[in-house]
A.B. asks: 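Pasting in a structure now, in structure tokens, and then I'll have a few things to ask.
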Amino acid sequence: MAAKTLQDLFIHELSDIYSAEKQLAKALPKLARAATNPKLSEAFQAHLEETQGQIERIDQVVELCDIKLKRMKCAAMEGLVEEGKEVIEEIAKGPVLDAALIAAAQKAEHYEISSYGTLCTFARHLGFKDAEKLLYQTLQEEKSTDEKLTKLAESESNPQAEKKGK
């Protein structure tokens with residue numbers, strides 16, 4: 001990456017998260033199918049719809065800022081998606097798998113939260129106020145998804161997985 005300006009960096013980071021969202025959109029149906037807890041499966045399906053809206057929002061940001069995204073693959077999300085696949089392949093269906101799926105999903109959420117927080121800051125410094133509002137909306141959705149996953153883990157998946165081990 002040869003960023004010379006904050007705008008170059010903004011475009012790079014926006015291109016990266018665009019790739020990340022696209023990869024996540026492909027992975028979420030697999031997570032939903034692997035989940036044994038119906039609430040977890042529903043949460044993954046709901047987040048898929050939200051992710052598709054977030055991809056559209058990035059398209060709006062590109063238009064508002066009159067920029068062009070770079071064609072790139074987010075290596076971080078690629079690794080996180082791969083970890084999720086490994087979890088599905090290596091852990092038997094049941095509460096332990098559900099706990100592992102939540103952990104894998106939250107790793108991705110935390111990556112997205114970090115990325116969108118950074119993008120909001122860059123947009124504010126670059127004077128892209130409307131873009132900042134869109135990016136902030138996505139940031140809040142990512143935080144909300146993370147909170148929902150935490151509640152599901154604490155109230156159902158983790159206690160069930162713990163019982164399985166006794």
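We're numbering straight along the sequence, starting at 1.
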A.B. asks: Would you be so kind as to tabulate the donor-acceptor pairs closer than 3.5 Å made by side chains of residues 40-51, with sequence neighbours excluded?
C.D. replies:
from  : atom 1 : to     : atom 2 : distance (Å)
Ser41 : OG     : Ala32  : O      : 2.9
His47 : ND1    : Glu50  : OE1    : 3.0
His47 : ND1    : Thr145 : OG1    : 3.2
His47 : NE2    : Glu109 : OE2    : 2.9
Glu50 : OE1    : Thr145 : OG1    : 3.0
Thr51 : OG1    : His47  : O      : 2.7

A.B. asks: Can you name the nearest heavy-atom pair linking Leu135 to Ala123, along with the distance?
C.D. replies: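 Closest approach of Leu135 to Ala123, heavy atoms only: CD1-CB, 4.1 Å.
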A.B. asks: Can you name the nearest heavy-atom pair linking Leu139 to Gly117, along with the distance?
C.D. replies: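 Leu139 and Gly117 have their closest heavy atoms at CD1-N, 3.9 Å.
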A.B. asks: Please round to the nearest 0.5 Å and tell me the distance separating atom OG1 of Thr118 and atom CD1 of Ile17.
C.D. replies: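 Answer rounded to 0.5 Å: 9.5 Å.
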A.B. asks: What distance do His125 atom NE2 and Cys120 atom SG have between them, rounded to the nearest 0.5 Å?
C.D. replies: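 Between His125 NE2 and Cys120 SG, I get 11.5 Å after rounding to 0.5 Å.
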A.B. asks: Decide, yes or no, whether a salt bridge links Glu141 with Arg57 under the criterion of side-chain N to carboxylate O below 4.0 Å.
C.D. replies: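 Yes, Glu141 and Arg57 are salt-bridged.
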A.B. asks: Quick check: does any side chain N or O of Ser144 sit under 3.5 Å from a backbone N or O of Gln140, one acting as donor and the other as acceptor?
C.D. replies: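 Judged by distance alone, no pair lies under 3.5 Å.
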A.B. asks: Would Ile58 and Leu69 count as a side chain to side chain contact (heavy atoms under 4.5 Å, CB included) here? Give the steps.
C.D. replies: CA-CA 10 Å; Ile58 292 171; Leu69 293 180; 4.2 Å; yes
A.B. asks: Quick one, Met77 and Asp16 - any side-chain contact, counting heavy atoms below 4.5 Å?
C.D. replies: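 No, side chains not in contact.
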A.B. asks: Go through the steps to decide whether Phe128 and Lys133 satisfy the test side chain to side chain contact (heavy atoms under 4.5 Å, CB included), and finish with yes or no.
C.D. replies: CA-CA 9 Å; Phe128 296 145; Lys133 288 177 190 169; over 6 Å; no
A.B. asks: Verify the cluster assignment for Leu6 and Leu119: are they in a single hydrophobic cluster under the rule of side-chain heavy atoms below 4.5 Å apart?
C.D. replies: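 Yes, same cluster.
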A.B. asks: Using a 4.5 Å cut-off on heavy atoms from C-beta on, say whether the side chain of Cys74 contacts that of Tyr18.
C.D. replies: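 No - every pair of side-chain heavy atoms lies 4.5 Å or more apart.
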A.B. asks: So, Gln23 and Ser19: side-chain donor and acceptor under 3.5 Å apart, yes or no?
C.D. replies: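 There is such a pair between these side chains.
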A.B. asks: Pairing donors with acceptors under 3.5 angstrom, does anything connect the side chains of Glu112 and Tyr116?
C.D. replies: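 Note: Glu112 and Tyr116 side chains miss the donor-acceptor criterion.
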A.B. asks: About how many Å separate CG of Leu126 and CD1 of Ile11, when rounded to the nearest 0.5 Å?
C.D. replies: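 If we round to the nearest 0.5 Å, Ile11:CD1 and Leu126:CG are 9.0 Å apart.
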A.B. asks: Do the side chains of Phe10 and Val61 get nearer than 4.5 Å, heavy atoms only?
C.D. replies: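 Counting from C-beta outward, Val61 and Phe10 do come under 4.5 Å.
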A.B. asks: How long is the gap from NZ on Lys68 to OG on Ser15, to the nearest 0.5 Å?
C.D. replies: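 If I round to the nearest 0.5 Å, the distance is 10.5 Å.
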A.B. asks: Please report the interatomic distance OG(Ser157) to NZ(Lys151), rounded to the nearest 0.5 Å.
C.D. replies: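 Going from the OG atom of Ser157 to the NZ atom of Lys151 covers 15.0 Å.
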A.B. asks: What side-chain donor-acceptor pairs closer than 3.5 Å can you find for residues 78-106, not counting sequence neighbours?
C.D. replies:
from   : atom 1 : to     : atom 2 : distance (Å)
Glu83  : OE1    : Lys107 : NZ     : 2.8
Lys93  : NZ     : Arg33  : O      : 3.0
Lys93  : NZ     : Ala34  : O      : 3.0
Asp98  : OD1    : Thr36  : N      : 2.8
Asp98  : OD1    : Thr36  : OG1    : 3.3
Asp98  : OD2    : Thr36  : OG1    : 2.6
Asp98  : OD2    : Asn37  : N      : 2.9
Gln106 : NE2    : Asp146 : O      : 3.2
Gln106 : NE2    : Asp146 : OD1    : 2.8
Gln106 : NE2    : Thr150 : OG1    : 2.7

A.B. asks: Is any side-chain heavy atom of Phe122 less than 4.5 Å from a side-chain heavy atom of Leu14?
C.D. replies: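 No; the side chains remain at least 4.5 Å from each other.
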A.B. asks: So Glu142 and Gln54, do their side chains get closer than 4.5 Å, heavy atoms only?
C.D. replies: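 Result yes, sub-4.5 Å side-chain heavy-atom pair found.
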